[in-house]
Amino acid sequence: MDKETQSWGRITKASHRQIPIFWQHEAEKMIAERSDQTVLAYGSGRSYGDSCLNDQGCLLMTRPLDRILEFDRESGIIDCEAGVSFETLLDLIVPAGWFLSVTPGTQYVTVGGAVANDVHGKNHHKMGTFGCHVEEIELVRSSGERIICSLNQNQGYFAATIGGLGLTGLILRVRFKLIRIETSYMNIETIKFSNLQEYIEIFEDCDQKYPYTVAWIDSIAGGDKCGRGHLICGQHALKSSHQSLSVSKNVSLTLPFELPSFLLNKLSVGAFNSLYYHRQRAKSSKSSVHYMPFFYPLDKVLMWNRLYGKNGFYQFQCTVPKSDPGALSRILKLINDSGLGSFLAVLKTFGEAKSPGILSYPSPGFTLAIDLANKLQKTDKLFEKLHEIVLDVGGRVYPAKDAKMMPEIFHQSFPNLEEFIKYKDPNFSSSFWRRVTDKN
Amino acid sequence: MGKMCVVVGATSAIAHATCREMAKSSWDFHLIARNSDKLATVVKDLKAFGAGEVSTHIASLEELGRQTEDQMVQMFENIHDVECILFAAGVLGNHERALEENKYCEGVLQANFNLPLLVINKWANILEHQGRGTLAVISSVAGERGRQSNYIYGACKAGLTAYLEGLRNRLFNKGVHVCTIKPGMVMTPMTSHISPSPLMAQPRLVARQIYSAILKKKNSIYTPGYWCVIMAIIRSIPEGIFKRLKL
């Protein structure tokens, strides 16, 4: 029975046979039974584009593989099935005084998805990617072979699977390391900057002082206000200021239906951005918050992707070298001029930490992640120009967010592609893979 | 030593999720299930979440039903004072097939009514002898009213619910509490063939409500709670109208 599946951007829709995997020991049989179609694992479907889709193929639904196999509360090493969500992990580890070494901006991703996209977070400049903290991965190939890989065993598979977009096989189990925390609170400092130039002057100092830094920028403001925003810096609060190790169980709202797409336009978004920029009067402000709103501000509104209406939206995330801040400026100006920017635009710096993953996305530089409304041809034209700039400066585009990149950008972003292909499973494929390579 | 919970059908999604909630409060467990691989994984998960002592027993419902008095007493003697028995065995079955094949239909009746009743009959005496404890049994909203798409399973659950009412009545003065749990639609392997709908609940939400009901000694709960309203409406529809519907 073919079901229509969407990814988070709600643009790419694809038709699949969905096969849930309830237990690890069933995996080989479930994959072998699908030898007539290509397969791909699907966790929470939080990728924005088509990297989690396999149109006309088969999706192995891994959410039922959500069991913790071992949690060493002394050393902070955890071993779990690939369908465990970060939300479940936090529920378990926070009261025990541990936190995720690296987390993206939503807790609704699975561990398998975190490995497959080698996710990064606000602390990349200090801690690298999720893959940097993975000790072992258990993989099932379409041949039925189980491979346990790590830095010391089957290293090639290890390197190919981290950031490998699920194409090396079905990730069954992952063992990884957590970080110690004393409380579930964050001390934060928010610094207002009036344009991109000012951001470039202040970010290095903040990156040195704080383990977590990220900037929200106003993607509509133009001229000398282009790139204005708030630089949000944070660190885990110590026991001296707070006592609690609580998991926030605040009720979330669900957006019950998609909004009409005309609601989000240059005027409404521009107005919102302006209000938001000015909500902080002081240049710098300090406060203390629970980890939830610091790490996962959008998780409060479930199905927030419906805000963009039935046309869905794109996310564009690119990295440009620090040596060329002009490229960032040109990108922002293009987005300003198009009027397609939204209230969600985030700027960060990637550090030097190297991930073990061959197709790992972060590389040293500035990374900009922005939602772009889907206004069909207008958006297509914008993407063409954005990609031209990225190609020109030797930058990269992030597959987990992408629905548009051409093969040239993929090849430029990942020059070690041939090395990766040695470990790709012949029966695993995705819509993304077929789009950016001429392979199956 | 923590509080002890004996679980029948420990590898079922709802039972496992409920045990996870209990594990966070360091309960001990005696887990009964048919498949040793699945049970081993569940044990690891519960231990990671903080469970105390966990013992296991591989047995099907038929095997439990065939236990002699001695075997049953021995089983309970090996585990310390039982605070709670969670009974989560059952199969949805294929309704059309049950209508056509008597043998298959018999299997559905066995799994959902006959065997649970026979096992609970005997185990209730253990709790009565103890003079304390809670028996929490998973029935279903399907037992509230027979409907054309599901009435064989529904009849089993209706019978089970009535049996539990009587048992609750009998055991009240003996210090033992009986809790009837009536889930609506829950996203589990048992319902994986049904298209997802907004009414499908996550096992962990249902689990929290079941654990709360056990602690508060509720007589019977719908889970998620809004099924109370849905079923009140379903029950109130006059039969003259209900028989024409295609629910």
Side-chain angles (χ1 to χ4, degrees), chain A residues 1-6 17-30 44-45 61 63-73 76-81 83-85 87-96 98 108 138 172-173 175 178 247 249 251-252 254-257 302-303, chain B residues 9-26 31 33-52 54 92 186-209 211-212 224-226:
Chain A
M1 183 193 13
D2 276 13
K3 280 188 190 164
E4 202 181 71
T5 320
Q6 284 184 323
R17 204 180 296 171
Q18 290 181 359
I19 311 290
I21 311 262
F22 295 110
W23 299 92
Q24 280 189 55
H25 60 265
E26 293 173 347
E28 286 94 329
K29 183 161 140 297
M30 303 300 253
S44 297
M61 315 302 278
R63 283 299 275 120
L65 289 176
D66 75 340
R67 299 158 202 109
I68 310 286
L69 303 170
E70 197 177 340
F71 174 34
D72 186 333
R73 287 158 192 257
I77 310 266
I78 190 158
D79 198 324
C80 65
E81 294 183 332
V84 171
S85 69
E87 186 197 11
T88 302
L89 280 173
L90 289 165
D91 200 29
L92 172 66
I93 66 181
V94 169
W98 295 94
Y108 299 129
E138 188 168 347
L172 276 183
R173 180 182 69 75
R175 193 172 75 221
L178 305 167
V247 177
K249 285 270 183 276
V251 172
S252 351
T254 304
L255 214 58
F257 48 78
L302 302 174
M303 304 308 291
Chain B
T11 56
S12 78
I14 293 179
H16 178 190
T18 309
C19 292
R20 219 188 225 186
E21 295 303 313
M22 295 164 104
K24 291 176 194 172
S25 300
S26 309
L31 305 174
R34 279 177 303 186
N35 184 301
S36 54
D37 285 335
K38 294 180 185 182
L39 195 53
T41 310
V42 167
V43 170
K44 285 183 187 167
D45 183 80
L46 295 182
K47 285 219 162 110
F49 272 88
V54 183
L92 189 53
V186 188
M187 219 173 274
T188 68
M190 198 166 92
T191 56
S192 61
H193 61 287
I194 301 173
S195 295
S197 80
L199 285 180
M200 282 266 202
Q202 290 290 340
R204 66 172 176 269
L205 167 65
V206 165
R208 283 185 200 133
Q209 293 181 354
Y211 183 38
S212 173
Y226 55 73

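Chain letters run A, B, ... following the sequence lines, proteins first and then strands; every chain starts at 1. These values consider heavy atoms only, across backbone and side chains, with no hydrogens, waters or symmetry-generated copies.
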What heavy-atom pair brings Lys44(B) and Leu69(A) nearest, and what distance separates the two atoms?
-> CB-O, 3.3 Å
Worked check of side-chain contact (heavy atoms from CB on, under 4.5 Å) between Lys24(B) and Asp91(A) | CA-CA 10 Å; Lys24(B) 291 176 194 172; Asp91(A) 200 29; 2.8 Å; yes
Measure the spacing between CG of Asp45(B) and CD of Glu81(A) and express it to the nearest 0.5 Å.
-> 8.0 Å
Which atom names give the shortest non-hydrogen contact between Arg20(B) and Ile68(A), and what distance separates them?
-> NH2-N, 4.2 Å
Salt bridge (Lys or Arg N to Asp or Glu O under 4.0 Å) against Asp66(A), all qualifying residues, sequence neighbours excluded | none
Out of curiosity, His25(A) NE2 to Asn35(B) CG, how far, rounded to the nearest 0.5 Å?
-> 5.0 Å
Are the side chain of Arg73(A) and the backbone N or O of Ala48(B) linked by a donor-acceptor pair below 3.5 Å?
-> yes
Write down the atom of Trp23(A), the atom of Thr11(B), and the distance for their closest heavy-atom approach.
-> CZ2-O, 3.6 Å
Here the gap from Met187(B) atom CE to Arg63(A) atom CZ, rounded to the nearest 0.5 Å, amounts to 10.0 Å
Closest non-hydrogen atom pair between Thr88(A) and Phe49(B), with its separation | CG2-CZ, 4.0 Å
